[in-house]
Protein chains: 2
Amino acid sequence: MNLKDLANSLGLSPTTVSRALNGYPEVAEETRRRVTEAAARLNYRPNTLAKRLATGRAMAIGHVIPISTGHEIVNPVFTDFIAGAGEVYSRAGYDLVLSIVPDSEEERTYREIHSKGNVDGVIVHAPVRNDPRIALLHELGLPFVVHGRATGTALPYSWLDLNNNRAFERATRFLLDLGHRRIALVNGIETMDFAIRRREGYKQALAAQGVAADPALMVSGEMTEAQGYDTARRLLALPAPPTALLTSSLLSAMGVRRAVEEAGLRMGRDISIVTHDDELGYLRNGAEVPIFTATRSSVRAAGRRAAAMLLRMIASGDDGPHHELLEAVLVVGGSTGPAPPAA
Amino acid sequence: MNLKDLANSLGLSPTTVSRALNGYPEVAEETRRRVTEAAARLNYRPNTLAKRLATGRAMAIGHVIPISTGHEIVNPVFTDFIAGAGEVYSRAGYDLVLSIVPDSEEERTYREIHSKGNVDGVIVHAPVRNDPRIALLHELGLPFVVHGRATGTALPYSWLDLNNNRAFERATRFLLDLGHRRIALVNGIETMDFAIRRREGYKQALAAQGVAADPALMVSGEMTEAQGYDTARRLLALPAPPTALLTSSLLSAMGVRRAVEEAGLRMGRDISIVTHDDELGYLRNGAEVPIFTATRSSVRAAGRRAAAMLLRMIASGDDGPHHELLEAVLVVGGSTGPAPPAA
DNA sequence: ACCAGAATTCAAAGCGCTTTGAAGGCCGGG
DNA sequence: CCCGGCCTTCAAAGCGCTTTGAATTCTGGT
């Protein structure tokens, strides 16, 4: 059942049928009614491929995910972001096309995706400082939105980001207000823009209180349970161990908790933990009362908003740049408490 | 730069250029050389949309992911599977199109995806008993491969599955051999086919040793850290607590470990834990020596193989059914040991 | 009754590619 | 020297839709 068949069965021309279905004004209401009714009855669906070719719009958004031998971008945060974005695409009739490629081929993939014309825009994930993808996408003229920011890039670009600096500044201040002075930062990999900003926020809060940032207490690495555990063990073994830890993900926080408990300490009493909570679907920070005090911001919601931003840009032909800065809320759970009296 | 431009610039017809580029035999070698050289020089890429329309092949595989209010399919296992499949698609020149839809619209989505003709086949995730999607896809005549099996379905279908039954049978036997008699099963949600099979395997092993399966020791639920923790706490508080626990995911195992340690027990000495390990990218079971004894099978590799199977089916036009049953390996880590002498 | 202009509908071109069927060029055998 | 047959190239149709520009049908005003 294609457009022509449908038109024939109605004794109309394809032109009229197409217009009736696509809401053009120059078709009589009575005709439109007949057409839509027949389309529904005959279960007619316009062929996407033909439609795309004719309109020149791919009706699809691309997400290019590099798989590197090193850092894994195929991670839980990414998944939830995609899920959020995907909801928005579906509702808008857009497809989400995912390209999983070795990172050595990332540039080639962007070029190809563009010249092959199978997407109308892309979302850029996990930006780093001076991210080369931004210049590339500018050159290609492909609409895009960055999830996060790529400081150091001179070119304008649209982004949606969590205010990581502020979130970690507040978290740190919260710990300082509780009397903590030795606060460790268990950060993500600091080539990632978000990790750099988190460290800045942390340092700003310390500086504001005149507390010197101790390099020994600032660690960065993959945000896994094992890494959190190892790091916390090491930190707790220091001559002057921290009384509080600030971690970048719930997974690291779980590792930290394990090390803490293994050391015979009680979380929230002997030692405080604040984490960042992306509100991942399958990794919850407790139910009613959060287990961990956390800076919380749904990455899924971020995905939804970034997708919406991109679709708006595409629909309006307006390249922006547009910006959206999300604020995390600081939720207090059971993992924090006043600093224990100095030993 | 489209085909016509390229042809003109070479003084050839589009026909010849198209054939030269697509490896048809009836074009002179010298001509083919000239064409490919010019294509490379002018950075020509055939427009995917046009190609797809002309050939009738979408060159894309669909993955429909329902987002339900209840069970989350957008989970870490899914992510790794997609990553594996995506690698294969990219290499074969296929796109991966992801549809994230409310589960109430899943059927409609499959129908639409088919009549709109934007994919050549689909992968079915997380089958349940008597999964309705199989009949639906049969009706539509869309090639598909199921990741897992849907027992109860009369229709033939292609699948790739882990031998969940065998894996859990072996794990249970392993614990029995160590002298454990009270072995708890912390399973996934038992509407999922894989969870049902795991329980079967567990029960078979017990039965083979003449150990009665105690319903109080068989629990099922979402495979999260919190759920593992809660469940383990509850089980450990039983009048006759288990001496070993078998869990369905590393995340649950982490929760179980926390409960165990909190209870002052030592894992591998006072209590044994065996888990299933999907070898997720960001959730590793230790480095050299596994932390947990586990039935291990890479879900990413499964994604690769399922994708390859589907592409083969599409290329050959052979609907199968094809089957592939993967075996998990049982790796021994530090979480298991002989059953402690009866209290 | 007639006509300008609005309201509808339609034929045909075009999106960029593949593929069928036909044509042109060149070979060797008779 | 001619011709059948192979090698190579090409023109044109077609994939299923949108969209331009023209044709047709309806209006209402005179």
Side-chain angles (χ1 to χ4, degrees), chain A residues 1-36 38-39 42-60 93-95 112-120 315, chain B residues 1-36 38-39 42-60 93-95 112-120 315:
Chain A
M1 174 56 53
N2 57 26
L3 184 63
K4 202 157 82 184
D5 297 341
L6 179 60
N8 286 342
S9 85
L10 280 162
L12 288 170
S13 73
T15 310
T16 305
V17 174
S18 169
R19 286 185 163 147
L21 258 21
N22 291 306
Y24 282 69
E26 55 269 69
V27 41
E29 273 318 313
E30 159 64 10
T31 309
R32 188 190 305 281
R33 207 194 41 69
R34 269 178 62 219
V35 171
T36 48
L42 298 174
N43 196 31
Y44 166 76
R45 294 269 192 308
N47 179 298
T48 323
L49 269 30
K51 194 165 192 159
R52 288 174 180 181
L53 180 58
T55 57
R57 288 174 311 142
M59 293 302 285
Y94 273 72
D95 280 347
E112 210 168 273
I113 228 176
H114 174 247
S115 50
K116 293 200 310 181
N118 53 181
V119 304
D120 297 319
Chain B
M1 173 59 51
N2 58 26
L3 185 64
K4 202 157 82 183
D5 296 343
L6 179 60
N8 286 343
S9 85
L10 280 162
L12 287 170
S13 73
T15 310
T16 304
V17 174
S18 169
R19 285 186 164 146
L21 257 23
N22 292 305
Y24 282 69
E26 58 269 70
V27 43
E29 273 318 312
E30 160 64 10
T31 308
R32 189 190 306 279
R33 208 194 40 69
R34 271 178 61 217
V35 171
T36 49
L42 297 174
N43 195 32
Y44 166 75
R45 293 267 193 310
N47 178 299
T48 322
L49 270 29
K51 194 165 191 158
R52 288 174 180 181
L53 180 57
T55 57
R57 289 175 309 142
M59 294 301 285
Y94 273 72
D95 280 347
E112 209 168 273
I113 227 175
H114 173 249
S115 50
K116 293 200 314 182
N118 52 178
V119 304
D120 297 320

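We name chains A, B, ... by the order of the sequence lines, and we start the count at 1 in each one.
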Visitor: What integer distance in Å separates B:Leu12:CG from C:dG24:P?
Guide: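 Between P of C:dG24 and CG of B:Leu12: 17 Å.
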Visitor: Heavy atoms only, 4.0 Å cut-off, all strands: where does B:Leu49 land among base, sugar-phosphate and nothing?
Guide: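 Touches nothing.
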Visitor: What is the distance, to the nearest angstrom, from the CG atom on A:Asn8 to the P atom on D:dG16?
Guide: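 Going from A:Asn8 (CG) to D:dG16 (P), I get 13 Å.
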Visitor: Pull out every protein N or O sitting under 3.5 Å from an N or O of nucleotides 18-20 of chain C, one pair per line with the distance.
Guide:
unit_1	atom_1	unit_2	atom_2	d
C:dT18	OP1	B:Asn22	ND2	2.9
C:dT18	OP2	B:Ser18	OG	2.4
C:dT19	OP2	B:Tyr24	OH	2.4
C:dT19	O4	B:Thr15	OG1	3.2
C:dT20	O4	B:Arg19	NH2	3.3

Visitor: Which pair of non-hydrogen atoms, one from B:Asp120 and one from B:Ala58, has the smallest distance, and what is that distance?
Guide: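 Answer, listing the atom of B:Asp120 first, then B:Ala58: OD1-N, 2.8 Å.
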Visitor: Between D:dT9, C:dT8, C:dG16, which nucleotide has the shortest distance from any of its atoms to the side chain of B:Val27?
Guide: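 Ranking D:dT9, C:dT8, C:dG16 by closest atom to the B:Val27 side chain puts D:dT9 first.
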Visitor: Quick one: closest heavy-atom pair of A:Arg32 and A:Gly23, and the distance?
Guide: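 Residues A:Arg32 and A:Gly23, closest heavy atoms: NH1-CA, 3.3 Å.
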Visitor: Which pair of heavy atoms, one from B:Leu49 and one from A:Gly117, lies closest together, and at what distance?
Guide: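 What the structure gives for the nearest pair is CD2-O, 3.5 Å.
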Visitor: Could you tell me the separation between the CG atom of A:Leu10 and the C1' atom of C:dT8, rounded to a whole number of Å?
Guide: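 Atom CG in A:Leu10 sits about 16 Å away from atom C1' in C:dT8.
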Visitor: Check the distance between C:dA11's P and A:Lys4's NZ and give it to me in whole angstrom.
Guide: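 It works out to 12 Å between those atoms.
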Visitor: Nearest whole Å is fine: how far is C:dT8 C1' from A:Arg34 CZ?
Guide: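 To the nearest whole Å, that distance equals 13 Å.
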Visitor: Roughly how many Å is it from CZ in B:Arg57 to P in C:dG16, rounded to a whole number?
Guide: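 Going from B:Arg57 (CZ) to C:dG16 (P), I get 20 Å.
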Visitor: If only atom types and distance count, is the side chain of B:Arg19 paired as donor or acceptor with the main-chain N or O of B:Glu26 below 3.5 Å?
Guide: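 No, because the side chain of B:Arg19 does not come within donor-acceptor range (under 3.5 Å) of the backbone of B:Glu26.
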Visitor: Let me know the distance between CD of A:Glu29 and P of C:dT8, rounded to the nearest Å.
Guide: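 Atom CD in A:Glu29 sits about 8 Å away from atom P in C:dT8.
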Visitor: Do you know which two heavy atoms are closest between B:Pro14 and B:Ala7, and how far apart they sit?
Guide: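 Nearest heavy atoms, B:Pro14 then B:Ala7: N-CB, 3.6 Å.
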Visitor: Can you tell me which nucleotide in D:dT8, D:dA11, D:dG16 comes closest to the side chain of B:Leu53?
Guide: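 It is D:dG16.
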Visitor: Any idea which heavy atoms bring A:Leu3 and A:Tyr44 closest together, and the distance?
Guide: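 Closest heavy-atom pair between A:Leu3 and A:Tyr44: N-CE1, 3.5 Å.
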Visitor: B:Asn47 CG to C:dG16 C1': how many Å, rounded?
Guide: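 B:Asn47 atom CG is separated from C:dG16 atom C1' by 6 Å.
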Visitor: Minimum heavy-atom separation for B:Asn118 and B:Ile113, please, with both atom names.
Guide: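 So the minimum-distance heavy-atom pair works out to ND2-O, 3.1 Å.
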